[in-house]
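What follows is a single structure, written as structure tokens, with notes after it.
Side chains included, hydrogens not; waters and symmetry mates left out as well; all remaining heavy atoms used.
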Amino acid sequence: MPEGHTVHRLAGALTELFSGQRPAVTSPQGRFSQGAERLTGRVALPAHAWGKHFFMPFSHDPAPVSLGDDGPDWLHVHLGLYGSWSFAGDRHFVAEDTIGAPRRRIGERESLGGVSDEWEPPEPRDTVRVRLAHEHGIADLTGPNQCQVLTGSDVRSIVSRLGPDPIRNDPGDRERFTSLVRRRRVPVGQLVLDQAVAAGPGNIYRADCLWRVGIHPLRPGNRVSEARLGLLWDDLVVAMREGVRDGFIQTNPLEFSPSDPADENDRRFAVYHRTGRPCWRCGTPVADSMLAGRRLFWCPGCQH
DNA sequence: ACGAAATGTCTAA
DNA sequence: TAGACCTTTCGTT
């Protein structure tokens, strides 16, 4: 369940755990054996994220590189709908158990941050596509949509097809986003999920950020004012950066007291997965429908 | 046991 | 628009 914030977080975690080292790369499942062989023995360098794409360079020498440089081989991972990384290791190896899908798998609590000296790598599940390993810990990747070794030129070609990433929010991105939306008649809710328009937002940020700025998701892109699209971009930047910081999505702006009876599951989001429940802002029941193959949630009362 | 759904994307028709 | 793909969990028989 990885939207862009998860991938940025992973880039940070894997950089911290493996950059500067020469991890053993294996494919317990066997479907990445060739790639694993190519990467083994090389120095892992700091990883990059752009939208939902993860890139980690593996080089013969430890000199720093930029995203898409020629020279290193690039590990490229797209988690898709349910890919995830799991971590386990000794006390020198600190990471969250699982990043990606909200599940715990290998290396659950008992082997994480465990006792200092006696750590042994756990047996991988038979679905583990890639394992990165060094003496203090392992990272296992399961269920990715894409996992491959690329050249710098391949990487540049992927990145060139991606729109601006709200988590990066580079100069000019705000204007780029608003102009990409305003030149099309497609519903704005569909454009927010188009990775060539904005790289990183998924179904939750789409639904909830549109709600937060009051835009109806079915409004055609060319009929949303420049000003409102600017506010939408700004809100994506804020919400997704909070996701990177916190490690989870918390898009409902309302605060609850610990004793509040509101359903725990219901508190987290604004409209996402809240069909039929009252809008936090106006009380109208939240609606849902399918749009271009994805479930869409919005409040018919206060989004226009 | 079985089916559906899940924070995604691609391809074919 | 439908189906394929990568995997797990959760609800229903």
Side-chain angles (χ1 to χ4, degrees), chain A residues 1-10 27-33 35 49-54 76-86 96-108 124-131 140-148 154 157-159 161-163 165-167 186-187 189-212 217 236 239-252 264-275 288-298:
Chain A
M1 320 209 69
E3 303 196 17
H5 70 296
T6 302
V7 182
H8 280 264
R9 205 151 214 280
L10 275 167
S27 180
Q29 178 200 51
R31 293 183 50 180
F32 187 67
S33 301
W50 192 301
K52 297 167 189 162
H53 294 257
F54 169 91
H76 170 235
V77 174
H78 193 297
L79 294 174
L81 198 50
Y82 39 75
S84 80
W85 287 89
S86 300
E96 292 165 85
D97 288 359
T98 298
I99 302 184
R103 306 176 196 113
R104 297 180 184 286
R105 298 203 183 108
I106 199 160
E108 311 220 62
R125 287 192 177 222
D126 56 14
T127 52
V128 172
R129 184 80 58 89
V130 181
R131 169 171 283 195
D140 283 354
L141 171 67
T142 56
N145 194 29
Q146 294 177 68
C147 172
Q148 52 191 343
D154 297 331
S157 127
I158 288 174
V159 170
R161 280 181 262 114
L162 293 173
D165 178 342
I167 292 169
V186 173
Q190 188 173 331
L191 292 170
V192 172
L193 278 194
D194 181 341
Q195 301 297 296
V197 172
N203 211 9
I204 298 178
Y205 287 118
R206 150 171 88 170
D208 283 9
C209 290
L210 283 166
W211 178 87
R212 284 154 50 124
L236 287 165
M240 296 185 71
R241 284 183 169 176
E242 285 177 5
V244 176
R245 185 196 62 199
D246 300 337
F248 55 86
I249 302 179
Q250 164 67 276
T251 35
N252 177 7
E264 169 88 25
N265 248 350
D266 192 35
R267 296 182 183 191
R268 230 174 190 56
F269 304 128
V271 287
Y272 179 78
H273 264 325
R274 296 194 64 246
T275 307
D288 79 85
S289 71
M290 294 302 283
L291 175 63
R294 307 298 304 281
R295 191 165 296 278
L296 173 69
F297 303 86
W298 79 98

Rounded to whole Å, please give me the gap between [atom1] in [X] and [atom2] in [N].
X: A/Leu10; N: B/dT7; atom1: CG; atom2: P; result: 18 Å
X: A/His76; N: B/dG8; atom1: NE2; atom2: C1'; result: 13 Å
X: A/Leu291; N: B/dT7; atom1: CG; atom2: P; result: 14 Å
X: A/Asp126; N: C/dT7; atom1: CG; atom2: P; result: 9 Å
X: A/Phe297; N: B/dA6; atom1: CZ; atom2: C1'; result: 11 Å
X: A/Trp50; N: B/dG8; atom1: CH2; atom2: P; result: 20 Å
X: A/Leu79; N: C/dT8; atom1: CG; atom2: P; result: 14 Å
X: A/Phe32; N: C/dC5; atom1: CZ; atom2: C1'; result: 18 Å

May I ask you to decide if [Y]'s main-chain N or O and [X]'s side chain share a donor-acceptor pair within less than 3.5 Å?
X: A/Ser27; Y: A/Arg129; result: yes
X: A/Arg241; Y: A/Ile167; result: yes
X: A/Gln195; Y: A/Leu193; result: yes
X: A/Lys52; Y: A/His5; result: no
X: A/Gln190; Y: A/Ala292; result: no
X: A/Trp50; Y: A/Gly163; result: yes
X: A/Asn203; Y: A/Leu296; result: no
X: A/Arg9; Y: A/Val244; result: yes

Separation between the [atom1] atoms of [N] and [M], rounded to whole Å:
N: C/dA2; M: B/dA4; atom1: P; result: 15 Å
N: C/dT13; M: B/dA5; atom1: P; result: 14 Å
N: B/dC10; M: C/dT8; atom1: P; result: 23 Å

Tell me which nucleotide among [options] gets nearest to the side chain of [X].
X: A/Thr127; options: B/dT9, C/dT7, B/dT7; value: C/dT7
X: A/Arg125; options: C/dT8, B/dA6, B/dG8; value: C/dT8
X: A/Tyr272; options: B/dT9, C/dT7, B/dT7; value: B/dT7
X: A/Ile249; options: C/dT7, B/dT9, B/dT7; value: B/dT7

side-chain N/O [X] vs [N] OP1/OP2, d < 4.0 Å:
X: A/His78; N: B/dT9; answer: yes
X: A/Ser84; N: C/dT7; answer: no
X: A/Lys52; N: B/dT9; answer: yes
X: A/Arg294; N: B/dG8; answer: yes
X: A/Arg295; N: B/dT7; answer: no

Query raised in the report: Would you say the side chains of A/His8 and A/Asp165 form a donor-acceptor pair under 3.5 Å?
Result: yes
**Report entry** Residues within residues 197-205 of chain A bordering DNA chain B, heavy-atom distance below 4.0 Å
**Finding:** A/Gly202, A/Asn203, A/Ile204
**Report entry** Residue met sooner reading DNA chain B from 5', once A/Gly293 and A/His273 are mapped to nucleotides
**Finding:** A/His273
Query raised in the report: Taking the inter-plane angle between the rings of A/His53 and A/His76 on a 0 to 90° scale, is it parallel (under 30°), tilted (30 to 60°) or perpendicular (over 60°)?
Result: parallel
Using the 3.5 Å cut-off, write out each protein N or O paired with an N or O of nucleotides 10-12 of chain B and the distance between them.
none

Query - Any residue meeting side chain to side chain donor-acceptor pair (under 3.5 Å) with A/Asp194, in chain and number order, not counting sequence neighbours - result: A/Arg184
Query raised in the report: So what does A/Arg206 touch, heavy atoms closer than 4.0 Å: a base, only the sugar-phosphate, or nothing?
Result: nothing
